[in-house]
Amino acid sequence: MAAHQVLLLLTGALLAALLTLGLSLQRRWWAGVGRAPHHVLFFLVCAALTVSAGLAWRAGAAAWALLPALALLLSMPRTRPGRADHWQRALACAAAFLTGTLIAWGAPGR
């Protein structure tokens with residue numbers, strides 16, 4: 001398995017944790033947990049996705065397919081938590097990440 005594939009799997013796991021934590025904060029399932037862990041996960045997902053795209057590009061895979069997910073992630077601060085646009089953009093980001101990962105997974109000639 002190539003380095004970008006391993007990092008894409010890790011990024012997917014971080015994104016799933018981010019979405020789960022965001023949903024639990026929205027539904028107030030974890031009353032004692034603040035928003036700080038959610039923000040830390042957000043920055044980790046952004047960093048991992050950026051590095052994944054770089055490694056995919058270096059491996060000759062279709063790294064461009066990950067850019068829409070990164071753009072949606074970077075536009076998240078323009079939304080307000082608890083409002084519909086926040087969770088809608090989060091779901092759009094997850095869909096863009098899944099689509100981009102499926103496209104960028106392989107590398108030509110391998």
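These numbers were taken from a predicted model, which means no experiment stands behind them. All heavy atoms count here, side chains included; hydrogens, waters and symmetry mates do not.
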Same cluster (ILVMFWY, side-chain, under 4.5 Å), [X] and [Y]:
| X | Y | answer |
| --- | --- | --- |
| Leu23 | Leu91 | no |
| Trp64 | Leu102 | no |
| Leu98 | Leu9 | no |

Do [X] and [Y] have side chains that approach each other closer than 4.5 Å (heavy atoms only, starting at C-beta)?
| X | Y | value |
| --- | --- | --- |
| Trp87 | Gln26 | no |
| Leu66 | Trp57 | no |
| Ser75 | Arg89 | yes |
| Val6 | Leu10 | no |
| Arg80 | His86 | no |

What heavy-atom pair brings [X] and [Y] nearest, and what distance separates the two atoms?
| X | Y | result |
| --- | --- | --- |
| Leu8 | Phe97 | O-CZ, 3.6 Å |
| Leu7 | Ala48 | CD2-O, 3.8 Å |
| Trp105 | His4 | O-NE2, 3.1 Å |
| Leu18 | Phe42 | CD1-N, 3.7 Å |
| Ala61 | Ala104 | CB-O, 3.3 Å |
| Leu72 | Ala96 | CD1-CB, 3.9 Å |

(message) So if I apply the side chain to side chain contact (heavy atoms under 4.5 Å, CB included) rule between Val45 and each of Val40, Leu19, Leu73, which one comes out positive?
(response)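 Per the side chain to side chain contact (heavy atoms under 4.5 Å, CB included) rule, the option paired with Val45 is Leu73, out of Val40, Leu19, Leu73.
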
Quick one: pull up [atom1] in [X] and [atom2] in [Y] and give me the separation to the nearest 0.5 Å.
| X | Y | atom1 | atom2 | value |
| --- | --- | --- | --- | --- |
| Gln88 | Arg83 | CD | CZ | 11.0 Å |
| Thr50 | Leu55 | OG1 | CG | 11.0 Å |
| Leu44 | Leu49 | CG | CG | 12.5 Å |
| Leu41 | Cys46 | CG | SG | 11.0 Å |
| Met76 | Asp85 | CE | CG | 8.0 Å |

